[in-house]
There are 2 protein chains.
Amino acid sequence: MSAVRKSRLSQDEIDAIARAVADPRRFAILQQISSGAVTPCSKLNEHNCISPATISHHLKELQEAGLIDIAREGRTANLSFRRDVWQAYLDRLGQL
Amino acid sequence: MSAVRKSRLSQDEIDAIARAVADPRRFAILQQISSGAVTPCSKLNEHNCISPATISHHLKELQEAGLIDIAREGRTANLSFRRDVWQAYLDRLGQL
DNA sequence: AGGATAATTCGATAACCATTGAACTAATTA
DNA sequence: TAATTAGTTCAATGGTTATCGAATTATCCT
């Protein structure tokens, strides 16, 4: 499999990512996805303390920020971490 | 000069920093401070497009997140970037 | 077909927060 | 002392957004 590289991020992309990870719950979700342990959305809700609607909302935000890919397969959604985008974000933050 | 090191950040500290840099204007301010070019608050307002009250508010947020130090000297405030905290934040983000 | 499961969309609500004018404190200067 | 300057605090406002129930779509299973 290839990997779409992301070398530089625009300021708007930076802002979107920063905003996306600013929410603690969203950051936790991103962590879970990045660990590769989970694939389907339902596994993100460990203890039923968050509604499916909210999860769906957060996933959409993460996707629109470019941090994850969502690939539907049957009735489940495969979530994958865009490590290249994340790295590009870190590179940018490292400049200051 | 010594440097107070910051090795690890709690989850609350991570959340606070993420929230602090999520605001574009605050991130821009942090960038300016990190560049070392500016010291007094007034220099942050390049084109008078932001009120003193708002600047003061953002600086307080950055300070409470641990990202900057504010040292009053006479009637001006000396702003300095906590590079150690920033690095600790980057280290944490780099884990995923 | 009918029922269960996975996830999304919609609408409403409540909380959060960036922004500012005005009033204020403290320090410098005339 | 009076005036000016740097910055803060307060209270109000408007916009954003996290959250969820309910309804919906699509898929899988019997």
Side-chain angles (χ1 to χ4, degrees), chain A residues 11-33 36-82, chain B residues 11-33 36-82:
Chain A
Q11 191 58 49
D12 280 353
E13 289 173 310
I14 292 290
D15 292 345
I17 293 174
R19 191 193 147 283
V21 297
D23 182 78
R25 191 160 262 173
R26 213 144 50 204
F27 183 65
I29 289 175
L30 187 64
Q31 267 185 274
Q32 288 188 65
I33 295 175
V38 288
T39 321
C41 300
S42 48
K43 289 294 182 301
L44 293 173
N45 194 1
E46 289 296 295
H47 303 298
N48 276 20
C49 48
I50 179 173
S51 78
T54 301
I55 290 184
S56 193
H57 165 69
H58 286 317
L59 290 177
K60 194 177 184 181
E61 293 284 333
L62 289 171
Q63 181 191 34
E64 284 174 351
L67 289 173
I68 66 171
D69 278 338
I70 305 182
R72 298 237 161 51
E73 205 168 329
R75 64 181 156 176
T76 69
N78 273 8
L79 311 172
S80 58
F81 184 50
R82 287 287 304 264
Chain B
Q11 192 58 49
D12 280 353
E13 289 173 310
I14 293 290
D15 292 345
I17 293 174
R19 192 193 148 283
V21 298
D23 182 78
R25 191 160 262 172
R26 213 144 51 203
F27 183 65
I29 290 175
L30 187 63
Q31 267 185 272
Q32 288 188 67
I33 296 175
V38 290
T39 320
C41 299
S42 47
K43 289 294 183 301
L44 292 174
N45 194 0
E46 290 296 294
H47 304 298
N48 277 20
C49 48
I50 180 174
S51 78
T54 301
I55 290 184
S56 194
H57 164 69
H58 285 319
L59 291 177
K60 194 177 184 181
E61 293 283 334
L62 289 171
Q63 181 191 34
E64 284 174 350
L67 289 173
I68 65 172
D69 277 339
I70 305 182
R72 299 240 159 49
E73 205 167 331
R75 64 181 157 179
T76 70
N78 273 9
L79 310 172
S80 57
F81 183 50
R82 286 287 304 263

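Chain letters run A, B, ... following the sequence lines, proteins first, then strands; residues in each count from 1. In this text, all values refer to a predicted model and were calculated from it rather than measured experimentally.
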Determine: side-chain N/O of Thr54(B) to OP1/OP2 of dT19(C), distance under 4.0 Å, yes or no.
-> no
Starting at CD1 of Ile68(B), measure out to NE2 of His58(B) and round the result to the nearest 0.5 Å.
-> 11.5 Å
When all nucleic acid strands are considered with a 4.0 Å heavy-atom cut-off, which category describes His58(A): base, sugar-phosphate, or nothing?
-> sugar-phosphate
d(CG, Asp15(B); C1', dC16(C)) in whole Å = 15 Å
Rounded to the Å, how far apart are Ile55(B) CD1 and dT8(D) C1'?
-> 12 Å
According to a strict under-4.0 Å criterion, is Arg19(B) in side-chain N/O contact with OP1 or OP2 of dC17(C)?
-> yes
What is the distance from atom CD1 of Ile17(B) to atom CG of Asp12(B), rounded to the nearest 0.5 Å?
-> 11.0 Å
Where His57(B) and Arg26(B) come nearest, the two heavy atoms and their spacing = NE2-NH1, 4.1 Å
Regarding the side chain of Arg75(B), the nearest nucleotide among dA7(C), dT5(D), dA4(C) is dT5(D)
Between OG1 of Thr54(B) and CG of Leu59(B), what distance do you get to the nearest 0.5 Å?
-> 10.5 Å
Lys60(A) has an atom NZ; how far is it from atom C1' of dT8(C), in whole Å?
-> 8 Å
With sugar-phosphate meaning primed atoms plus P, OP1 and OP2, does Ala77(A) contact a base, only sugar-phosphate, or nothing at under 4.0 Å between heavy atoms?
-> sugar-phosphate
Can you check whether Arg26(A) has a side-chain N or O nearer than 4.0 Å to OP1 or OP2 of dA18(D)?
-> yes
If you find the nucleotide of DNA chain D closest to Ser51(A) and the one closest to Ser56(B), which residue's nucleotide is nearer the 5' end?
-> Ser56(B)
Using heavy atoms to find the nearest nucleotide of DNA chain C for His57(B) and Ala53(B) separately, return the residue whose nucleotide is more 5′.
-> His57(B)
At under 4.0 Å between heavy atoms, what does Thr76(B) touch on the DNA or RNA strands: base, sugar-phosphate, or nothing?
-> sugar-phosphate
Minimal non-hydrogen separation, Ala77(A) against Ile70(A), with atom names | CB-CG2, 4.0 Å
Locate the shortest heavy-atom distance separating Ala22(B) from Ala18(A); write the atom from each residue and the value.
-> CB-O, 3.7 Å
Write down the distance between CD1 (Ile50(B)) and P (dG21(C)), rounded to a whole number of angstrom.
-> 12 Å
Interatomic distance, CD1@Ile33(A) vs CG@Asp69(A), rounded to 0.5 Å, equals 10.5 Å
Roughly, in whole Å, what's the span from CG in Asn78(B) to P in dA27(C)?
-> 15 Å
Taking five pairs at each end of the helix from dA1(C)-dT30(D) to dA30(C)-dT1(D), what angle separates the two helix axes (nearest 10°)?
-> 20°
Could you state the CG-C1' distance from Leu79(A) to dA7(C), rounded to the nearest angstrom?
-> 11 Å
To the nearest Å, how far apart are Asp23(A) CG and dC16(C) P?
-> 12 Å
What's the CG-P distance between Leu59(A) and dA6(C), to the nearest Å?
-> 15 Å
